[in-house]
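To start, the structure under review is shown below, and the notes come after it.
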Number of protein chains: 2
Amino acid sequence: MPAVTLSEVARAAGVSPATASRVLNGSSRIPGADIAERVKAAAAALGYIPNAQAQALARSSSGLLGLIVHDIADPYFSSIARGVQSAARELNKILLLTSTEGTPSEERLAVEAFTSRRADAIVLAGSRSTRPEDDAANSALLREAYRYLANGGRLVLAGHDLVDPSAHESRGHGDAAFTVGTPPVLIDIPNESLACRLARALGGQGHSRFLIVAGPEGLMTSDLRVAGFQRGLAEQGLESAEVLRAAFNRDGGFGAALELEDKVREAADSGNPYCIFAVNDRMAMGVVAALRHCGLQAPADYAVAGFDDINTLEDFIPGLTTVRLPLEEIGRSAAEAALTGADPAPASGEVVLRESTAPAS
Amino acid sequence: MPAVTLSEVARAAGVSPATASRVLNGSSRIPGADIAERVKAAAAALGYIPNAQAQALARSSSGLLGLIVHDIADPYFSSIARGVQSAARELNKILLLTSTEGTPSEERLAVEAFTSRRADAIVLAGSRSTRPEDDAANSALLREAYRYLANGGRLVLAGHDLVDPSAHESRGHGDAAFTVGTPPVLIDIPNESLACRLARALGGQGHSRFLIVAGPEGLMTSDLRVAGFQRGLAEQGLESAEVLRAAFNRDGGFGAALELEDKVREAADSGNPYCIFAVNDRMAMGVVAALRHCGLQAPADYAVAGFDDINTLEDFIPGLTTVRLPLEEIGRSAAEAALTGADPAPASGEVVLRESTAPAS
DNA sequence: CTGCTCCCGGAAAGCGCATTCCGTCCGTCA
DNA sequence: TGACGGACGGAATGCGCTTTCCGGGAGCAG
C-alpha cells in the first residue's frame with residue numbers, strides 16, 4: 001500500500017494537482033475557499049502526507065539540520081544536542097544526527113552525507129585536532145566543508161574554527177576556491193581565557209601548587225585550556241604547572257591520577273597540597289575517583305577543578321569547582337545561526353567555585 | 001553555485017546519464033571497465049555528490065532511520081541513542097532525531113514528520129502514558145504509527161508497546177485497518193520482573209521496611225516498576241510499600257525525599273531504617289541529595305536503590321544499588337531490528353547491589 | 001553466409017511535488 | 001456595449017535520479 005500522493009488527493013477533490021498543491025502548502029496563491037475546503041477534506045479523508053523528499057527536490061530546501069558531535073552519550077554533547085533540537089523544532093526543521101568519535105575523517109563523511117541530503121545547515125560541534133597525523137583528514141574535512149558551503153549550505157562551528165593544515169601562518173583559509181558561498185560562522189568558546197580566569201580564581205583562593213591533567217596533545221580544546229591556565233598562573237607570578245597527558249575522558253583522568261598518587265600524597269603530608277586542574281569534568285571525576293580509591297580526599301588532601309559544568313556534576317561529591325559553559329544555549333544559538341543566518345551570541349562562561357577547591361584553611 | 005548533477009558528470013564523461021548512474025552506484029548492470037573509469041574520473045574531477053533526495057524519490061528508500069526519545073540530554077536516552085547511531089552507521093543509514101519531552105502528541109508529530117521524510121524505519125523509545133488525559137493523543141499516535149506501517153515503514157518500540165485507549169480488554173490493537181504492513185516489533189524491557197527481582201534481592205539483604213518514590217501515575221515504566229517491586233515484596237511475605245509520587249526526574253526525587261525526611265529520620269533512630277526504591281536512577285540521585293541535605297546518609301541511616309544503571313552513576317557516592325539495563329545494546333538491537341527486520345534480542349537486565357543498600361549490620 | 005541470441009549503451013518514462021505560464025471568465029471602466 | 005485588466009484553474013515543465021525498455025553490434029551455431 002503505497003502512500004497517498006498529491007494527485008490522488010487532487011483527483012478525489014476533482015481539481016488539478018497544481019491546485020491541490022497550492023491549498024495544501026503555504027503557496028502565495030490561495031485558491032477559492034470552496035475549492036480549498038474540498039481539497040482539505042479529500043486530503044484528510046485519504047490521510048495524505050506530503051512526500052518531503054519530493055518537496056525538497058522541487059523546492060530546493062530540505063528542511064533538514066545536520067548536527068555532528070563526537071559522542072552523543074557524552075553529557076557535553078547531549079546538552080548541546082538538546083539545545084540544537086529545541087531550536088530546530090521551533091524553526092520547523094528536523095535534525096540529522098551523527099556521532100563521529102571525534103575523528104576528522106568521520107566528520108568529513110558526516111559532512112558529505114549531509115551535503116548529499118541537501119541539509120539546509122550543519123552544526124559541527126566538538127574539539128578539532130591539530131595533530132600532524134590528522135593533517136590529511138583535516139584538509140579533507142575542510143574541503144568538504146567548503147564544498148558544502150559552495151553548494152549553498154550554512155555551516156556553524158560550535159567551539160573551534162576548522163583547522164587548515166596548509167595555512168601555516170595565514171589567518172583564514174587560503175585557497176581562493178574557498179571564497180564561494182556563505183562563510184562558516186564560528187561560535188567561539190573562549191577556552192583559553194576561561195581557563196585563565198579559573199587559574200586566577202584558584203590562585204585567589206590561596207592555591208599555589210598546580211598540576212594539570214590534560215587530554216592528548218593536539219586536541220585543541222585541551223591545548224587551549226592548558227595554555228590559558230598556565231597564563232593565568234603566570235600572571236599571578238605562580239610557577240607554571242606540570243602537565244600530565246591522558247585520554248580526554250573519565251578513564252583518562254582516572255589513569256592519570258593513579259600515576260599522581262605518590263606526588264599528591266606527599267604534598268598533602270607536607271602541608272602544601274596540590275591543586276589539580278583536569279581539562280574537563282569527566283577527567284576531573286576520574287581523578288577524584290582514582291584518588292579516593294587511594295584514600296585521598298578533596299578538598300582535604302588536594303584540590304581539584306574541572307571544566308564544562310556538565311549536568312552530571314549536579315550531585316557529584318565533592319561539589320566540583322569548574323567553568324560553567326552554557327552548553328544548551330550554545331546548541332540553541334548555533335542552530336539558530338545556522339538556520340536563520342542570524343549572528344550568534346558569543347558563548348559566555350563563568351568560573352564556579354565549589355567544595356572541591358575549598359581554600360586550604 | 002548549484003551542486004554538480006549526474007548529467008553534468010555524464011556529459012563530461014561523454015556518456016548518457018543512465019550509464020553514469022549505473023557506474024556511480026551499485027547497480028546490477030556494470031558498464032565496461034574503460035567507460036566506468038571515465039565516469040569515475042569525471043565525477044571526482046567535478047566533485048560530484050549525489051542528491052540523496054532525488055535518489056530516495058527514484059528508488060523508494062530514503063536511507064533514513066528515525067529515532068524518537070523523550071529527552072536527548074537524559075543519559076538514559078543518550079545511551080540508547082548511542083547504540084542506535086552506531087548500528088545506523090554500520091548499516092549505512094543516517095539518523096533523524098527528535099526529542100519529544102515525552103508527550104504523546106509530540107511523538108505523533110515526530111512519527112508524522114518521519115513518515116513524510118519516508119524514513120525506512122523508526123525507533124520509538126521511552127515510556128508510554130496510560131493517563132486518561134492522554135487517551136486522545138495516544139489514539140492519534142497509534143493511528144499515525146499504523147499509517148506509517150501501512151506505508152511500508154518498520155517500527156520498533158524500545159521498552160513498551162503502544163497503548164490503545166480504545167482496546168479495553170483485548171490484546172493487540174483491534175481495528176482491522178491496522179492489519180496492513182509489517183506489525184510493529186517490541187523490544188520488551190522487563191520492568192516488572194526486574195523490579196520484582198530487585199525487591200527480592202533487597203529483601204535478601206535483610207531490608208524489611210520499604211518506601212517507593214515513583215513517577216506520576218499512568219507513566220507505564222514507573223507503574224510497572226512499582227507493581228513488580230510490590231509483587232517481589234509480597235512474594236517474600238513482606239508488607240507492601242507506601243508509594244509517593246513525584247516527577248519522573250531528579251528534582252522529583254529530591255522533592256519527594258524532602259517530604260519523607262521525618263519518616264526516614266524516625267526510622268533510622270528507631271533502628272529499623274527504611275529502604276527506599278526510587279523508580280529510576282535520577283530520582284534516586286535526587287533522593288540521596290535531598291536526604292544528605294537533611295543530614296541523613298545512605299546506607300547508615302537509610303537504604304536506597306534506583307533503576308537503569310545510567311552511566312552517570314559510575315562515580316556517584318554512595319554507589320547506588322540499581323537494576324542495570326543494557327541501554328546501548330537496546331538501542332543497537334532496536335536499530336538493527338528496525339533496519340534489517342531481524343528479530344531483536346530480548347532486553348536483559350540484572351540487579352546490581354552496591355553500597356547504598358549495604359545490609360544493615 | 002545467414003539467423004539468432006546476448007550484451008551493452010542510450011532514450012525515455014517516471015518518482016511526487018512546486019511553479020511558471022496560459023487560457024478563460026468575470027468584472028470594470030469608458 | 002466594447003475593450004481591457006485581473007483573478008483563478010489547469011496544463012506543462014522540471015527538480016536529479018533510477019530503471020525499464022530499445023536498438024544495434026558482436027558472437028556463435030547451423
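Letters A, B, ... mirror the listed sequences (proteins, then strands); counts begin at 1. All values below come from the heavy atoms of this structure, side chains included, with hydrogens, waters and symmetry mates left out.
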Is any side-chain heavy atom of B:D120 closer than 4.5 Å to a side-chain heavy atom of B:L64?
no
How long is the line joining CD1 of B:I35 and C1' of C:dC7, in whole Å?
13 Å
Nearest listed nucleotide, side chain of B:L57, among D:dC17, C:dG9, D:dG16:
D:dG16
Please compare B:P17 and A:P50 by the position of their nearest nucleotide in DNA chain C and report the one closer to 5'.
B:P17
At under 4.0 Å, does any side-chain N or O of A:N25 touch on OP1 or OP2 of C:dC17?
no
Would you mind telling me which of D:dG16, C:dC17, C:dG10 lies closest to the side-chain atoms of B:V15?
C:dG10
Atom pair distance, as rounded to whole Å: CD in A:E8 and P in C:dC17
9 Å
Expressed in angstrom and rounded to an integer, what is the separation of B:Q53 atom CD from D:dT18 atom C1'?
16 Å
Measuring from A:Y48:OH to A:L6:CG, what's the distance to the nearest 0.5 Å?
4.5 Å
Nearest 0.5 Å please: distance from the OG1 atom of A:T100 over to the CD atom of A:E106.
7.0 Å
I want to verify a distance call: between D:dC15, C:dA18, C:dC17, whose nearest atom is closest to the A:R59 side chain?
C:dA18
Go through C:dT19, C:dG16, C:dC17 for me and flag the one nearest to the A:A18 side chain.
C:dT19
Closest to the B:A58 side chain, choosing from C:dC17, D:dT18, D:dG10:
D:dT18
Taking CG from A:N51 and P from C:dG14, how many angstroms apart are they, rounded to a whole number?
18 Å
Would you kindly give the CZ-to-C1' distance between A:R11 and C:dC17, to the nearest whole Å?
15 Å
Distance-only polar pair, side chains of B:R332 and B:S86, donor-acceptor under 3.5 Å:
yes
Among the nucleotides D:dG10, C:dC17, C:dG9, which one has an atom lying closest to any side-chain atom of A:T5?
C:dC17
Within this structure, what is the CD-to-P distance between B:Q55 and D:dT18, rounded to whole angstrom?
4 Å
Can you confirm whether the side chains of B:T19 and B:S16 place a donor and an acceptor under 3.5 Å from each other?
yes
Looking at D:dT18, I'd like to know if its phosphate oxygens (OP1 or OP2) sit under 4.0 Å from a side-chain N or O belonging to B:S21.
yes
Separation of C:dC8 P from B:D34 CG (nearest whole Å):
11 Å
Expressed in angstrom and rounded to an integer, what is the separation of A:N151 atom CG from D:dC15 atom C1'?
15 Å
Check: D:dG10 base within 3.5 Å donor-acceptor of A:R22 side chain:
yes
